[in-house]
Structures are given as structure tokens and as C-alpha cells.
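Okay, structure first, notes after.
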Amino acid sequence: MAVYEPLKFEGKWRDYWEEHRLHKADLESGKPKFYCLDMFPYPSGSGLHVGHWRGYVLSDVFSRYKKLNGYEVLHPMGWDAFGLPAENDAIKKGIHPATGTARNIANFKKQLIEMGAMFDWDREINTSEKEYYKWTQWIFVQLYKMGLAYRKEMPINWCPSCKTGLANEEVVDGACERCGTPVTKKNMTQWMLKITAYAERLLNDLDKLDWPEKVKKMQANWIGRSEGAKIRFQVESKAVGHESHAHEIEVFTTRPDTLYGATYMVLAPEHPLVAHITTAEAKADVEAYVDKTLAKSALARQIDDKEKTGVFIGAYAINPINQERLPIWIADYVLMDYGTGAIMAVPGHDERDFEFASTFQLPIKRVVAASLEEANRPLDAAYTDYAVIVNSEEISGLRVGDAKKAMIVKLEKTGKGELAVTYKLRDWVFARQRYWGEPIPLVHCDHCGIVPVKEEDLPVLLPDVERYEPTGTGESPLAAISSFVHTTCPECGGPARRETDTMPQWAGSCWYFMRFADPHNDQEPFSKESINYWLPVDMYIGGVEHAVLHLLYSRFFTKALYDRGVVPFNEPFNRLFNQGMLTLNGAKMSKSKGNVVSPEELIEQYGADTLRLYELFVGPPEIDAEWNPRAIEGVYRFLGRVYRLVEENRANAPTVASEKLLKLRHRFVKQVEERIETFRFNTVVSAFMEYVSDLQDANEPIDKGTLDVLTVCLAPLAPHLAEELWHHLGHPSSVMLAHWPSVDEAYLVDDEVTVVVQINGKVRDRIQVARGASETAVAELALQVPSVKLALDGKTLNKQIYVQDKIMNFVVR
RNA sequence: GCCGAGGUGGCGGAAUUGGCAGACGCUCUGGACUUAAAAUCCAGUGGGCCGAAAGCCCGUACGGGUUCGAGUCCCGUCCUCGGCACCA
């Protein structure tokens, strides 16, 4: 009996593929291209576990399927090697980050090769190599020249453990995304990227992407567009005496219709106006409150509790619509970095303002009600329904929507305000005070100011140093290296200092998918020809954890480069798929939790194909799945059955297929096609299992064509086994050079169909009838069925419903 | 609190457009092969009534509804998971 022993041939075929360059993506093949990309990994010290395999298997199956279908497939792999984790890990182990990274990469690569994926290793890239980051720096210079990179002093998120500034997106629940330490605020001069300039386009263009709705929603929420009005209030304060009217408070509100209901104003404690307009009597309390707020970490300000606190600053604002005097307060529930950092408070119709007003006994006015009759009904909570405006002079009686428009028109006429759009998205803090990243390629010259390094002088090399631990002073370790810092100005040639901050980890991954098109180009980031052919990415596969980080940043880079004329497309990833995690004991696999399953021993026991197939069969690919060590036996047994089926039939296989086997074959291929295209890979495996059982049950010799087709279809899923069988079947070249079988629709229809017979919608029996038989003919047959006769006995047949070739339902009473 | 996804046997999960619920796999039980075991193969495996079979009834989180017919559509409730969270 033929025995399936994968370890005897899997290695042989991997060597064969490598030797014959079968995975090489060819720019000049003349075929239509397909770019199938995995989110490239950060090469950690712990290596890959079976959970990491999941996405890689999906993309490899899809890539191979596309290749068999005549596409020129680009399926590359590389390393996101810069960034904090690599550096932290290296510090812990006392080695240079470059050394640790190189070691990890070697291990990752070995593991990925064992998987048998068709990666084109000639295109391997590493974001921490100078040949690569030269172009990351080049892109930064383009952004700088476009005015999209700027320097600003502001309080930014600071991780006291990683000793660096962080972007908004890197703060999760008030803590550092990497290490979990609560994030504090630190006032620093920072390099920022003006991603907010693209907010509207980043939002609108989501519509044209074939991405999971969930991810699009998350990005839309993150961008957080809201439409309303900006309104200006004049300030009246004894602190500034008769100059009062020089000061204005500008607020943003989505409810300009409630302007008549404003009863006080609130500024963020950090608001620059606070220092100017606070009166002498209030000064001490205000300063104490401001200090207390600034000392609070982001986490504390968010979670502490929602109890409202605040201080009256002694000054008043004049409501532009009715000249009412409104007391001005500061409170930490108003955030400096959203809108204008100031609000008009309408406690009658905003829950937060209601709570604040209740706490401090401030007046509450009703200006919206269910109807005009209810205009003076007292409020025991904020009334937020979009109903009818009341107590508001000329706009009373309007619905909220119309009142908003009317109020904006009025404000625009008097110059007191106008329509405005605000986003939650903030500009991107792009500098890190750490060693292991791309140096920001700028020079500070006393004479010329900030000057970008000339493009022909790139890259600015990351110097090799002895000590690369973070300083914690707010300066990067590079600042201590005088040979790095001191340079000459690219403009005037005079003495100058280099920028010493480095870029965040995301920098390299914002454009790596473009570099794969032309990874060895040392004249430009990529040639026009290569980028035109390969990009954009057709299918992008990776975890959902990057929904707002990497995926939003990459879209921003792409749009900026599009505007600069560097690339001809403005969205990088046409189709996105997020695979689910593999869990063990209900938790995400991670080395720190000690619940990882590593592929090595499984491959040793079952071979790589079995593990690949299991990864697919474990459940719907987008859903998290629990690792089940037993179930892997099932797919191993199945591959053994395939092996035996082919081995035991190939010697005496007829050259002509029976009608029965042809029907089974075409139905099978059709099913597999549909299920691969729609990413239902668990059911692809089911289709194989059913087909193989059907072939066994057919109880007749299996023809050569059937065996060939089975083998070709198997190639995307279990490439090693398919290659082995393909050669046993007498084919001299690789199965990956074969063609995906075409489906003949003629074989998909049966002459005879099963019609279900129902009484009142309940199944009683099934009958075989000729396909397309008339209702009368089927009814006649169905009425002969004993259980139907029984059910009809003594009853009246009210109605019959016939669905062609499917259902005959008798309604009886 | 807001937004989104989901709830189907002992388990993982199937089920085109409203048309045979539980495909496929795991587990378990019985059988064949074997001196024996492993491997392999065959049969059974949602619950109930029943000695068994036939047959009938119940059954897709819960309560209603629409329909000849609902896992699928509508209304309400509960639960689980994910995202956002004082964003004016």
C-alpha cells in the first residue's frame, strides 16, 4: 500500500522551486499582473508561531491560485526592521540592534521557507538597510518640500519607559501601545506631518476601496469629521480693562441652533487666553487648577472619573446673538487639541454641559422641545432630540436641522461666525528620541534656518555607536555624537547641526509596498515602468490591529506622493483582508503568556502541507479560531487519502473519463473556484474532502484527466504534495506551470433532480423527477407519495406551491 | 454611553436569492483486517416518544410578527466579542 510520507519529498521540492526560480516575478512576461501582499513582519526574537502562519498561508494559496490562472504574480516578503521593539530587545540582550535584527531575520526567513510559500526572495527588503532608508529619507524630503512636515512646540504624548514621544495612534487607553506604561504629556518641539491636510480625501476615498466595512468604519471614526459652526464671542474682563474688546473667544459647535441656550463658556485649561483674561481675584484658583490638570497623565484625565471639575476665571463673554453676559470657566472636560479648545455651554441640550451646570449651579435654559407647547417644560436632563426650537426669537418653531442653517446664515451676515468642519484626526508626531530609526534628513543652520539634506547626499547614515540607550532628556542618543551632529549647511556651506531625532517605526512601512516593485534601484525609489505595472496592491492580507495605524499612514503617504507626481495612483491597497487570530486557551498566542504553538515540531510530524491545510480548515479565515491539536489529524488523514488515491490509480488510469466522473470533476472545480474567490477557504478544504470521498465511492477506475485536475487544484493548498504527484503522473515540469482547469457548464446540470414534497411547509418525502418537469406532472407524482396521501386523507387541498426543480408544497386544512 | 460584528449538536463549523438545518472534520460507539497493536477501511453519532425499526414530535440565544415555507426578513429582549469614548 502507498504510504504518504511528506518528509521524504517536501524539502526536495522546495529546493527544486528555488533552483528553477519558479517564484520569480517577471516584469516583462506580458501577462496581466496580480500583486498579492502580506503585511511584512517585524522580525522579533521569538520567531513565528502557528498564528502568524495563518495570514501567510491565505496569501500564498491565493497567489498560487492566481498564478495557475495565468497572472504574473508578485508575492514578496521583507522586514520591518527599524523601531522601538528591536531597540528595546537589543538593549535588554546587550547587543547592537543591527546584530539582533540580522539574527532574527535569518530565523524568520528559515521558518518562512519551510512553509513552502512562493515568495520571490530576490525582492527581499529590509527597512533598516541604508539602500532602503535612503529612499525613506528621500520621501521625507519631498514631504518637507511640499510643506507637509513642520516643527511645532506643543505638549505631546510621552512614554516615560520608552523615553520617547508617541503619535496619537500609538496611545491605547492612555498607555503606550508598545509597553503599556501610562503616557504623560511633555512639552517639546516636534517634527509633525500634516496628515490633517488630507483628512477629507482620506475619508472620501474610503468609498472606493474593497475593504472590510469594519476597517473603513474604524478609519472614518478615527478621522472623525463633524460639521458645525465656528462662533466668536467678545470678552469682557476687568483684567484687561477697556481693551476688553481686543479679545475674542472662538468656539466650535455642532449645534449653532442652540446659541440662545448658551449660559456659560468653557475654555480648556491650556487655552492661551486664560492667562490674559483671568481677573486678579480668580488668579490663584485658576493657576492651581491649570497646574493640577497639566500634571495629570492622559490616562488619569480620561479614566479618573467623569465627575466635572472647573474654576470660574472672573471674566465674561458676550453672546453675539442676544448680548447676554456669560461667565467664562475653565474645565478639563474641554480639550485643547480639538476644535478651538473652547466651547459655548448649552446645558439644556448637552449631557456634559448639563452635568457641569448642575454641579456648579449654573443656569439651564430650554431652547429645544418636542413641540412649541412644551417650550417651558422644566428639564431634568439634557434634551438631545432633534426636535423643535423654542425660546429663540426668530428661529423658534424651526426644526433643529433648519435652525442650524438659519443660524449659520445669520452669523455669517454679522461676521460673528461661519460654517466649519472639524476632525478628530490630529497631525502626526513624526519624531522619536531614539537611536534605531531613520535619521531625519535635515540640517539646522544659524544663517539659513532649517535646510533639507540635498537629495544626492542621501542617505544620512545612522552612525555606528557604542551607546544607543535612550537619554530620557528629550534628545535622541544621536545628539551626543559630535561627529554626527556637526556638519556643513547644504545652502551656504557654513557650520551647521544635524537634526538628531529619528523617524517612527511606521515610516518604513508607509511605502515598502512600492519598493517591492523595484527593490534594487539605486537611482530612484522605483522606476516608473515597474510602479506602473505592479502597483497598486491587488490583495493585501494582514491583521486588523493595523486598521488605523499603518493603513492610514500608508494611504496618506500614497496621496502625498501622488500629489508630488511620484506615483500615478492615490490609493495603495485595492482589496484588504484581515485574517483572524489563532488562540490557545482562549487567549492570543504570545511568548510572554507562554501559550504559543510553534510550527517546527508539527512540520516534523506531519509535514508543511498538513499544517497549511489545517490553517485553512480551522474555521472561517476572518474569524478568530481556537487551536485544536486533534483536528490536525483529520487533514493529515485526508492528504494521505489523496496520495493513495493518485498512487493506486495512476498506473491503470483510463485515458477517457466516464460521464459520472466528468460531472463530479466539473462540479468540484466550480466549487473550489467560487470558494477561493470569496475567501471561504475552510469550505474549499471541505469541497476537496467530499470530492475525494466521491471518487473513492464511485467504485470505478479513475481516469488520468481526473487525477491531473485534482493535482492541479491541490497545488495552491498543498504545493509539495501536488508537485510530487504531478511528477508521478508523468509531467516533466512543475505543477505551478500548469493551467487551472476550465469548467464546462454543461456538466453542472443534472437530467434528474430531487424535488422535496412538503405538507404545510413540512418535509414529507422526496421524489426524483426529470429536470424541468411541469408542475402538473410533479403534482401527480407527489400525490402518490404514501405520507402525502395519509396527510391529505379527509382534508381539503387549499393550494399548492411549486418551485421549479426544488419544492412541491401542498397547503391543506 | 456610542458604533460595529456575532449567538446553529459533545466540539470546530456548513447551509447561493426565504425552499431538505447540521455538509466537512474532530470526539465517541460498534464492526472488518491483524497473533496483537498501530495504521487503514466500513457503519452509527442533535433531543424526545419507542425494545428495535418504521413513524411522529421538538429543535438554529429568548419573546413576538410577516410568509405556503424563516437559521436566513421585520419588531423587541438577553448575552458575547471588537472599536471609540468628556471630540463640543
Side-chain angles (χ1 to χ4, degrees), chain A residues 1 3-4 172-174 212-222 224-226 228-229 251-255 258 266 268 301-308 331-335 337-346 349-353 355-356 422-426 544-545 547-548 614 617-620 622-635 637-638 640-641 644 674 678 680 682-693 696 754-766 786-787 790 798-812:
Chain A
M1 191 171 74
V3 181
Y4 173 51
V172 178
D173 291 333
E213 285 307 315
K214 174 183 164 165
V215 175
K216 292 207 245 181
K217 247 319 195 297
M218 281 168 73
Q219 290 212 353
N221 288 343
W222 192 261
R225 182 183 198 277
S226 63
V251 305
F252 173 74
T253 178
T254 54
R255 297 293 305 272
T258 61
V266 186
R301 186 158 169 178
Q302 207 174 89
I303 289 176
D304 234 11
D305 53 341
K306 309 257 165 159
E307 207 147 288
K308 295 287 179 287
D332 65 2
Y333 83 94
V334 173
L335 310 173
D337 52 2
Y338 180 75
T340 61
I343 62 159
M344 63 178 209
V346 184
H349 307 285
D350 179 283
E351 283 166 21
R352 296 150 303 179
D353 296 345
E355 202 188 320
F356 190 85
T422 301
Y423 302 91
K424 280 203 255 180
L425 185 69
R426 313 284 152 84
V544 73
E545 66 272 18
V548 284
Y614 173 74
F617 193 54
V618 68
E622 70 280 8
I623 308 279
D624 292 350
E626 174 72 10
W627 179 259
N628 178 356
R630 290 270 174 75
I632 199 165
E633 296 276 354
V635 289
R637 278 200 278 265
F638 163 71
R641 273 201 292 277
R644 278 193 306 280
E674 279 175 358
T678 52
R680 287 140 66 216
N682 53 329
T683 65
V684 172
V685 179
S686 301
F688 269 91
M689 289 172 166
E690 284 176 69
Y691 182 51
V692 168
S693 298
Q696 282 169 336
T754 304
V755 169
V756 173
V757 183
Q758 299 181 334
I759 302 288
N760 292 340
K762 281 189 180 159
V763 180
R764 286 302 130 132
D765 211 340
R766 297 160 184 90
S787 56
L790 195 72
N798 272 5
K799 200 174 170 184
Q800 70 185 36
I801 287 137
Y802 181 59
V803 180
Q804 182 82 66
D805 299 336
K806 272 188 180 158
I807 297 268
M808 173 57 82
N809 186 15
F810 296 110
V811 183
V812 303

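Reminder, nothing fancy here: chain letters follow the sequence lines and each chain counts from 1. Note that these values count all heavy atoms, side chains included, but never hydrogens, waters or copies made by symmetry.
- A gap of 16 Å separates the P atoms of G13(B) and C26(B), to the nearest Å.
- Among the heavy atoms of the strands lying under 4.0 Å from Val811(A) are primed sugar atoms or P, OP1, OP2 only; no base atom is included.
- The listed nucleotides are A88(B), G19(B), A23(B); the one nearest the side chain of Lys806(A) is G19(B).
- Within the shown strands, C62(B) is the pairing partner of G76(B) under the Watson-Crick or G-U definition, both distances less than 3.5 Å.
- Spacing of P atoms, G59(B) relative to G4(B), comes out at 32 Å, to the nearest Å.
- Here, C2(B) and G9(B) have their C1' atoms 37 Å apart, quoted to the whole Å.
- Separation of the C1' atoms belonging to G64(B) and A54(B) is 37 Å when rounded to the nearest angstrom.
- Minimum atom distance to the side chain of Val763(A) is reached by A21(B), of the listed A21(B), A88(B), G25(B).
- Within the 4.0 angstrom heavy-atom criterion, no nucleotide atom of any strand lies near Val266(A).
- Within 4.0 Å (heavy atoms only), Lys424(A) reaches at least one base atom of the nucleic acid.
- As a whole-Å value, the separation of Gln800(A) CD from C68(B) P is 15 Å.
- When each of Val685(A) and Ile807(A) is assigned the nucleotide of RNA chain B with its nearest heavy atom, Ile807(A) is the one assigned upstream, toward the 5' end.
- For Arg680(A) and A15(B), the shortest distance from a side-chain N or O to OP1 or OP2 is below 4.0 Å.
- For the pair Tyr338(A) OH and C84(B) P, the interatomic distance rounds to 17 Å; values are reported in whole Å.
- Between Lys214(A) and Val544(A) the shortest side-chain heavy-atom distance falls below 4.5 Å.
- Closest approach to the Arg637(A) side chain among U40(B), C20(B), C58(B) is made by U40(B) (side chain taken as heavy atoms from C-beta onward).
- A straight line from OH of Tyr802(A) to P of G18(B) spans 20 Å, rounded to a whole angstrom.
- Using atom C1' as the reference point in both U72(B) and U60(B), the two lie 10 Å apart (nearest Å).
- Across all strands shown, G25(B) pairs with C11(B); the Watson-Crick or G-U wobble distances both stay below 3.5 Å.
- Of the charged side-chain nitrogens involved, at least one lies within less than 4.0 Å of a carboxylate oxygen, so that Asp337(A) and Arg426(A) count as a salt-bridged pair.
- Atom CZ of residue Arg644(A) and atom OH of residue Tyr4(A) lie 11.5 Å apart, to the nearest 0.5 angstrom.
- One distance of note links OG1 of Thr754(A) with CD1 of Ile807(A); it measures 11.5 Å at 0.5 Å rounding.
- If you take atom C1' in U17(B) and the same atom in G55(B), they sit 34 Å apart, rounded to whole Å.
- Taking 90° from 0 as the syn/anti boundary, the base of G76(B) is oriented anti.
- Using a 4.0 Å heavy-atom distance criterion, Val803(A) is classed as a base contact.
- Distance from the side chain of Arg766(A) is smallest to C20(B) among C26(B), A14(B), C20(B).
- In this structure, Thr422(A) reaches neither bases nor backbone, as no heavy-atom distance under 4.0 Å exists between it and the strands shown.
- Nucleic acid contact for Arg630(A): sugar-phosphate only, since backbone atoms but no base atoms lie under 4.0 Å from a heavy atom of the residue.
- Nearest to the side-chain atoms of Met689(A) among the listed nucleotides A14(B), C24(B), G19(B) stands C24(B).
- Pair assignment for U16(B) gives none, since no Watson-Crick or G-U wobble pairing has each distance under 3.5 Å.
- Pairing for A70(B) is absent, judged as Watson-Crick or G-U wobble with the two contacts each under 3.5 Å.
- For C86(B), its base sits under 3.5 Å from the side chain of Lys308(A) at one donor and acceptor pair at least.
- With rounding to the nearest 0.5 angstrom, the CE atom of Met689(A) is 7.0 Å from the CZ atom of Arg641(A).
- The side chain of Arg764(A) lies closest to C56(B), out of C56(B), C41(B), C58(B).
- Within the 4.0 angstrom heavy-atom criterion, no nucleotide atom of any strand lies near Asp337(A).
- The partner of A37(B) is absent, by the rule that a Watson-Crick or G-U pair needs both atom distances under 3.5 Å.
- Here the separation of A70(B) from G63(B), taken at their P atoms, is 15 Å to the nearest Å.
- For the pair Lys799(A) and Phe810(A), the NZ or CZ position fails the cation-pi test of under 6.0 Å to the six-membered ring centre and within 45 degrees of the ring normal.
- Taking the centre of each ring, Trp627(A) and Tyr614(A) come in below the 6.0 Å mark.
- Inter-residue side-chain proximity for Phe617(A) and Thr683(A) is flagged as unmet; no heavy-atom pair is nearer than 4.5 Å.
- Looking at Gln758(A), its side chain comes within 3.5 Å of the base of G19(B) through a donor and an acceptor atom.
- Map Asn809(A) and Glu626(A) each onto its nearest nucleotide of RNA chain B; the residue landing nearer the 5' end is Glu626(A).
- With a cut-off of 3.5 Å on both Watson-Crick or G-U wobble distances, the partner of C50(B) is given as none.
- Of the nucleotides present, C81(B) is the one that pairs with G4(B) by Watson-Crick or G-U wobble criteria, both distances under 3.5 Å.
- Here the side chain of Ser226(A) is nearest to one of A14(B), A88(B), G82(B), namely A88(B).
- The CD-P distance, from Glu633(A) to A38(B), rounds to 13 Å in whole Å.
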